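Right, one structure below, let's go through it.
All of these numbers come straight from a predicted model, not from anything done at the bench. Side-chain atoms are counted along with the backbone in the values below, which use heavy atoms only and exclude waters and symmetry mates. The chains referred to below are lettered A, B, ... by the order of the sequence lines, with proteins before strands, and numbering in each begins at 1.
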2 protein chains.
Amino acid sequence: MAAMGPRHRVISDAIRAEISHGDLPPGAHLPSEAELGERFAVSRTTVRAALMSLANEGLIASESGRGWFVRERQQLVYRPQEEFRPVPASAEMDHFMAARTAEGRQPSQTIEVAIVTPPEPVARRLGLQEGEPAVVRRRVRSLDGEPWNTNDSYFPLSLVDGSEIMTPVDIARGASQVLAELGYYQDRALDEVHIRMPTPDEMRRLALGPGTPVAIHVVTGYTESGQPVRVVVNVLPGDRHVIAWERQRPRPEQG
Amino acid sequence: MAAMGPRHRVISDAIRAEISHGDLPPGAHLPSEAELGERFAVSRTTVRAALMSLANEGLIASESGRGWFVRERQQLVYRPQEEFRPVPASAEMDHFMAARTAEGRQPSQTIEVAIVTPPEPVARRLGLQEGEPAVVRRRVRSLDGEPWNTNDSYFPLSLVDGSEIMTPVDIARGASQVLAELGYYQDRALDEVHIRMPTPDEMRRLALGPGTPVAIHVVTGYTESGQPVRVVVNVLPGDRHVIAWERQRPRPEQG
DNA sequence: GAGTGGTCTAGACCACGTA
DNA sequence: ACGTGGTCTAGACCACTCG
């Protein structure tokens, strides 16, 4: 016999096993809390502790009045390098939009422009003084009407004031191109990916269920002289994205 | 007045605000559940619902018999490209170990070699037949005695049988070098990063608290002819890693 | 209206850490 | 011994969904 531990643990282990063995496939309706209480001879509170635990692992989710369901995850490939190209693939859409359309999905986005005091991590990356303003272009990208990820681009206000970047519409030739025309060509970039649970704000904005972590992909763009000119913050729900890239022929003499 | 919602929500919002404002700094001891129950005039069950919610966001953690504490997160930079270099930085340590030592930390690792039927995603990437065996070199890397991440390298048994790869000790010149000597030079690689909550197994192996998501960094190495020769699965706890890389001078004429 | 999950209570017993 | 969190119970009322 294996060590049993607390009863809610026994229950969640049993259900998790049913899920991973495929007895409860994605989308399946779980037995009701009352029924599970009878099956395992425990109170409803204990059943709920087990279900909550599985929900926080991202395996199941509840719909009020309907029951508990095994989650289905549908992941799209996210290619970091596509998020930083000087020229977008088409005049009307950026790479995200173009790539998703090619996959037969119906992409859409909302764009919102604001002048803000950026959050501290962004201000630090942009080299802004305390309280110095920045322009943020906030986008929520959706697929078939469901929010998919967010993309917030920050620019120092002093660099882009009055330019096309401050208009809340899609910039056909790309924000990088506008920056270049203003004399700030992005020569290199630093990419960072942070992994954490979403804030309540992010959960609302992206309609995330419990147990859904996010990747925060932060790109800081610099000119050749080393001046930071742009910070892009992408929030990628883990159940909807796989980050992927390719590497060629590593050369031993390097590094 | 803002909409209040359920009481456990009000409590978790209040504590979350105290944490983000710095009134409860990292490491701080929260009031006891009983005390919070008095302060908010609710039962202990409701207090616990609020605390559990914060724990699942990764903000706080409990220590049995001691209380609840605000989590401290210490992140190290993880550079994906370092995980796939033909020659390690030194004879005794791989890149992870060398980089961490340079930072003044005390790295250590356990190595375990086994012949297994790999999990389906690994078998698929290696192009193995159903049930075909592979060699796995399992490593747990620790820093100052705490488990930090895991690194499991899978090789088709048919390629590496009898070679140095099957010895459970550090390979001074690197597994890539051994593969090359066997006639399988890794010419290119596909990198993937998946974001999800850890399995119970991973939680044990890495001593993870609740609300700690992981990044799964999977590297599939190919020879010039396109034959997959290695799959590396890195499990990176989100509270301990930032994935970072740099990009140079994107060229418009490309792709 | 019947069934589902969402919230909340009051109380109990246990295991653990600290003094 | 005492205070802490961990587990569990039995029961209640509510909001939501569906037939």
B/Glu63: partners by salt bridge (Lys or Arg N to Asp or Glu O under 4.0 Å), with sequence neighbours left out:
B/Arg66
Between the side chains of B/Asn151 and B/Gln109, is a donor N or O closer than 3.5 angstrom to an acceptor N or O?
no
With 3.5 Å as the limit, what N/O pairs link the protein to nucleotides 3-5 of chain C?
| residue | atom | partner | partner atom | Å |
| --- | --- | --- | --- | --- |
| C/dG3 | N2 | A/Gly65 | O | 3.4 |
| C/dG5 | OP2 | A/Glu33 | N | 3.0 |

Return each pair, listed once, that meets side chain to side chain donor-acceptor pair (under 3.5 Å) where at least one residue sits in residues 6-15 of chain A; pairs must be two or more places apart or across chains.
A/Asp13-A/Arg16
Ring pair (Phe, Tyr, Trp, His ring centres under 6.0 Å) partners for B/Trp245, two or more places apart
A/His217, A/Trp245
With sequence neighbours excluded, what pairs up with A/Gln75 under the side-chain contact (heavy atoms from CB on, under 4.5 Å) test?
A/Arg73, A/Val242, B/His194
Scan the side chains in residues 205-212 of chain A for donor-acceptor partners under 3.5 Å anywhere in the protein, sequence neighbours excluded, and list what turns up.
| residue | atom | partner | partner atom | Å |
| --- | --- | --- | --- | --- |
| A/Arg205 | NH1 | A/Asp152 | OD2 | 3.3 |
| A/Arg205 | NH2 | A/Asp152 | OD1 | 3.1 |
| A/Thr212 | OG1 | A/Arg71 | NH1 | 2.8 |
| A/Thr212 | OG1 | A/Gly209 | O | 3.1 |

Qualifying residues under side-chain contact (heavy atoms from CB on, under 4.5 Å), relative to B/Val10, sequence neighbours excluded:
B/Met4
Salt bridge (Lys or Arg N to Asp or Glu O under 4.0 Å) partners for B/Glu130, two or more places apart:
none
Can you give me the first and the last nucleotide of DNA chain D (5' to 3') that has an atom within less than 4.0 angstrom of a non-hydrogen atom in chain A?
D/dT7 to D/dC18
Which residue pairs pass the ring pair (Phe, Tyr, Trp, His ring centres under 6.0 Å) test with at least one member in residues 31-62 of chain B, sequence neighbours excluded?
none
Residues within residues 11-20 of chain B bordering DNA chain C, heavy-atom distance below 4.0 Å
none
Only counting residues at least two apart or in another chain, list the ones meeting side-chain contact (heavy atoms from CB on, under 4.5 Å) with A/Thr199.
A/Arg196, A/Asp201, A/Glu202
